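Given the structure is predicted, the values throughout are model-derived calculations rather than measurements. Nothing fancy with the numbering, it's 1 onward along the sequence.
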Amino acid sequence: MKQTYFILILLISFTIPAFAQNYAQVDKKVSEYPKSFSNLDKLANQINKDFKKPEEKARAIYAWIAMNVAYDTKGMTSTKSVSYSYRTQEEKLQKEKKMEEDLANQTLKKKKAVCQGYSTLFKILCEKVGLESEIISGTSKTTFQDIGKAPGRMDHAWNAIKIGGKWKLVDATWGAGYLDQSTGKFKKKYSGFYFFTDPDKFALKHYPKDSKWLFTKKTAKDFASYPLFYRDYFESGMELVSPFKGEV
């Protein structure tokens, strides 16, 4: 009987990781911070005291959240809806701002959250140290079942932050660790990769609801076709050259 074998050759090059800019001193300083703060202002004041450059303040916020907030695996499967009424646009914005601050405070105190808590805490702390940040909702690529699927489901949230007039991408949730698919448990492991990530690499696992937050020419069709990348790949300095489709 004649047998046919398929050999998949991966062409890989090595580069310096995109996140390799030296934030080691910022991370070290933040690692010495208290593991808990009683309120948002105290943490923001500590960061303002220790850092002057906008990018260092942003990194300090990212590092503290990623080092100290654990992913809430139970909250991942629960859904909560919030309803509220308003008479004017100003009142609407005030109520939404209050809800964001409440969620940020809750995340700070419980030190446990899903992605919405991480991204909201990041945004509110940015505002308190004088930085502009937005919460971005969209589709993530985290399992083999996601290969070939077009984006559209809103299953993740991350941030964009403006530094020097340019928007940068940040995901403090994934910087905190990862979900072990075999056990369903959160594995805490800090990574700096998801801070100011190259948009081309960020788009391998994130696709925003509003494509203006992509900052790359990659399309929804591209996103669907990508293979599943793990953070060890990004941190290794390797770069996949070919093939670049997740289905063979």
Under 3.5 Å, side chain of [X] to main-chain N/O of [Y], donor-acceptor pair present?
| X | Y | answer |
| --- | --- | --- |
| Lys201 | Phe193 | no |
| Thr120 | Gly117 | no |
| Lys110 | Val69 | no |
| Ser140 | Thr142 | no |
| Lys168 | Ile161 | no |

Taking atom NZ of Lys188 as the centre, does the number of heavy atoms from other residues, nucleotides or ligands within less than 6.0 Å exceed 12?
-> yes
Does the side chain of [X] reach to within under 4.5 Å of the side chain of [Y], using non-hydrogen atoms?
| X | Y | result |
| --- | --- | --- |
| Lys217 | Asp222 | no |
| Tyr23 | Phe196 | yes |
| Leu204 | Lys141 | no |

Ionic contact status for Arg59 with Glu55, cut-off 4.0 Å | no
Using 4.0 Å as the upper bound for N to carboxylate O, is an ion pair formed by Lys205 and Asp146?
-> no
Would you mind telling me which of Phe202, Trp213, Phe223 makes a ring pair (Phe, Tyr, Trp, His ring centres under 6.0 Å) with Tyr207?
-> Phe223
Option passing ring pair (Phe, Tyr, Trp, His ring centres under 6.0 Å) with Trp64 (candidates Phe37, Phe51, Tyr118, Phe122) = Phe37
List the atom of Leu40, the atom of Leu108, and the distance in Å for their closest heavy-atom pair.
-> N-CD2, 3.5 Å
Would you confirm whether the ring centroid of Phe244 sits within less than 6.0 angstrom of the ring centroid of Phe229?
-> yes
Compute the centroid of each ring, for Trp158 and then for Trp174, and state whether the two points are separated by less than 6.0 Å.
-> no
Ignoring hydrogens and geometry beyond distance, is a side-chain donor-acceptor pair present between [X] and [Y] at under 3.5 Å?
| X | Y | value |
| --- | --- | --- |
| Ser119 | Asn159 | no |
| Asp50 | Tyr33 | yes |
| Thr143 | Gln145 | yes |

Pick out which of Gln89, Glu90, Glu96 makes a side chain to side chain donor-acceptor pair (under 3.5 Å) with Lys92.
-> Glu96
